Amino acid sequence: MENNKEERFSLTIEEGRITLRAKSFRAEKGSVLHSGIFSRELATSFVSAVLAVGLLIYFALSGELRLLHYILAVILFGASFPFVRFFVFKEPYLETTFDIRAGDIAISLKRPLFGKTVRRSLAELKRMDISHVRIEPENPDAIAFVEKIALQHGTVIPGFGEVQEFYNLDLDFGDAKHTILTTTDRTDVEGVAEKIKSFIT
């Protein structure tokens, strides 16, 4: 198995098949809340806290709040955290398997809910391309304002508001094109493409 240094993707070669697992498979604008400020763990904490507070509100409306009610709220928070993190905020990934023996390509979106798989014949693959996407910030004034507020609070947001460059590895079947890997480093995509091409040809 080969992993990149950020573990954003891995390439596994087995007998008769090669599998690419990518956590990044589409070029898109980052969230309004930068990853340095907002994370899946923080979002999970918010949801779990809302559930716990909701339970306390329910008990308060039903009667007087007691110590037991607070204990139950804490237990609910602790129990719901791993559940929400796994089923609601688990990071999806794309798994693409080139099976030489079966003669097909399976592209599977892996996530807790509503995953899907596209299966195509290897013979249908016309070419494997590397495409480039450049995303520029749309509102520099808003970015400058957010950075100013962050600095006033002694916080630096690395990479916030910068131009983003993405390189995609695309499978072109003629009637459809599927992006199976997106990175900010062209050499990563080129290395993966070369290994896949040498394996399936």
Side-chain angles (χ1 to χ4, degrees), residues 1-31 33-44 81-135 158-160 162-174 176-201:
M1 177 183 291
E2 177 182 331
N3 294 72
N4 77 325
K5 59 185 179 181
E6 298 177 351
E7 296 186 351
R8 299 301 298 168
F9 68 86
S10 65
L11 197 62
T12 305
I13 301 176
E14 302 172 323
E15 185 178 352
R17 66 172 59 184
I18 184 168
T19 300
L20 171 65
R21 177 179 291 187
K23 292 182 179 178
S24 179
F25 47 90
R26 54 179 171 263
E28 59 187 4
K29 298 175 186 176
S31 170
L33 295 176
H34 188 268
S35 59
I37 303 172
F38 196 77
S39 66
R40 294 175 185 272
E41 286 72 23
L42 183 59
T44 302
F81 188 93
F83 179 85
V84 173
R85 180 65 180 89
F86 181 81
F87 287 102
V88 180
F89 293 110
K90 183 180 181 182
E91 188 174 12
Y93 65 91
L94 195 70
E95 186 175 274
T96 306
T97 300
F98 299 79
D99 194 324
I100 301 299
R101 290 173 296 184
D104 66 12
I105 303 171
I107 306 170
S108 302
L109 177 59
K110 304 287 188 178
R111 55 186 177 188
L113 300 174
F114 309 114
K116 62 181 179 179
T117 298
V118 174
R119 195 174 297 274
R120 301 293 297 257
S121 169
L122 262 173
E124 294 180 279
L125 181 62
K126 305 297 182 185
R127 59 183 176 272
M128 194 179 300
D129 296 326
I130 296 175
S131 59
H132 172 250
V133 177
R134 178 184 172 93
I135 298 178
F160 185 65
E162 292 181 354
V163 174
Q164 295 176 298
E165 305 272 355
F166 296 101
Y167 299 91
N168 301 322
L169 181 57
D170 302 318
L171 302 183
D172 189 347
F173 294 96
K177 182 179 287 190
H178 299 278
T179 298
I180 61 172
L181 174 65
T182 298
T183 76
T184 55
D185 189 342
R186 185 181 180 90
T187 57
D188 282 343
V189 178
E190 290 175 338
V192 170
E194 189 62 34
K195 285 183 173 63
I196 294 175
K197 286 178 181 177
S198 63
F199 186 84
I200 65 178
T201 56

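Because the structure is predicted, anything quoted here is derived from the model rather than measured.
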J.: Answer yes or no: is there a side-chain heavy-atom contact under 4.5 Å between Ile200 and Leu125?
T.: yes
J.: Closer than 3.5 angstrom, by distance alone: can the side chain of Thr97 be matched with the main-chain N or O of Asp99 as a donor-acceptor pair?
T.: no
J.: Between Tyr167 and Asp188, is there a side-chain heavy-atom distance shorter than 4.5 Å?
T.: no
J.: Side-chain donor-acceptor pair under 3.5 Å between Thr183 and Asp185, yes or no?
T.: no
J.: Only one of Leu171, Ile13, Thr19 forms a side-chain contact (heavy atoms from CB on, under 4.5 Å) with Phe98, so which one is it?
T.: Leu171
J.: With Asn168, which of Ile130, Asp129, Val133 fulfils side-chain contact (heavy atoms from CB on, under 4.5 Å)?
T.: Val133
J.: Roughly how far, to the nearest 0.5 Å, is the OG1 atom of Thr12 from the CD atom of Glu95?
T.: 8.5 Å
J.: Can you tell me how far NZ of Lys195 sits from CD1 of Ile18, rounded to the nearest 0.5 angstrom?
T.: 8.5 Å
J.: For the pair Lys126 and Asp172, find out whether any cationic side-chain nitrogen is under 4.0 Å from an anionic carboxylate oxygen.
T.: no
J.: Does Ser24 reach the main-chain N or O of Thr182 with its side chain, forming a donor-acceptor pair under 3.5 Å?
T.: yes
J.: Using modelled atom types and a 3.5 Å cut-off, is there a donor and acceptor pairing between side-chain atoms of Ser108 and backbone atoms of Lys110?
T.: no
J.: What residues form a ring pair (Phe, Tyr, Trp, His ring centres under 6.0 Å) with Phe199, not counting sequence neighbours?
T.: none
J.: Hey, does Phe166 have a side-chain heavy atom less than 4.5 Å from the side chain of Thr184?
T.: yes
J.: Which word best sums up how the rings of His178 and Phe173 line up, parallel for under 30°, tilted for 30 to 60°, or perpendicular for over 60°?
T.: perpendicular
J.: List the atom of Ile180, the atom of Ala22, and the distance in Å for their closest heavy-atom pair.
T.: O-CB, 3.5 Å
J.: Rounded to the nearest 0.5 Å, how far apart are CD of Glu15 and CD1 of Ile100?
T.: 12.0 Å
J.: Nearest 0.5 Å, what's the CZ-CD1 distance between Arg120 and Ile105?
T.: 8.5 Å
J.: Give the C-alpha distance, both sets of side-chain angles, the deciding distance and a yes or no for side chain to side chain donor-acceptor pair (under 3.5 Å) between Thr179 and Asp170.
T.: CA-CA 4 Å; Thr179 298; Asp170 302 318; 2.6 Å; yes
J.: How many angstroms lie between CD in Glu165 and NE2 in His132, if you round to the nearest 0.5 Å?
T.: 3.5 Å
J.: Nearest 0.5 angstrom please: Leu169 CG to Ser131 OG, how far?
T.: 8.5 Å
J.: Only one of Arg8, Arg111, Arg21 passes salt bridge (charged side-chain N to carboxylate O under 4.0 Å, His left out) with Glu91; say which it is.
T.: Arg8
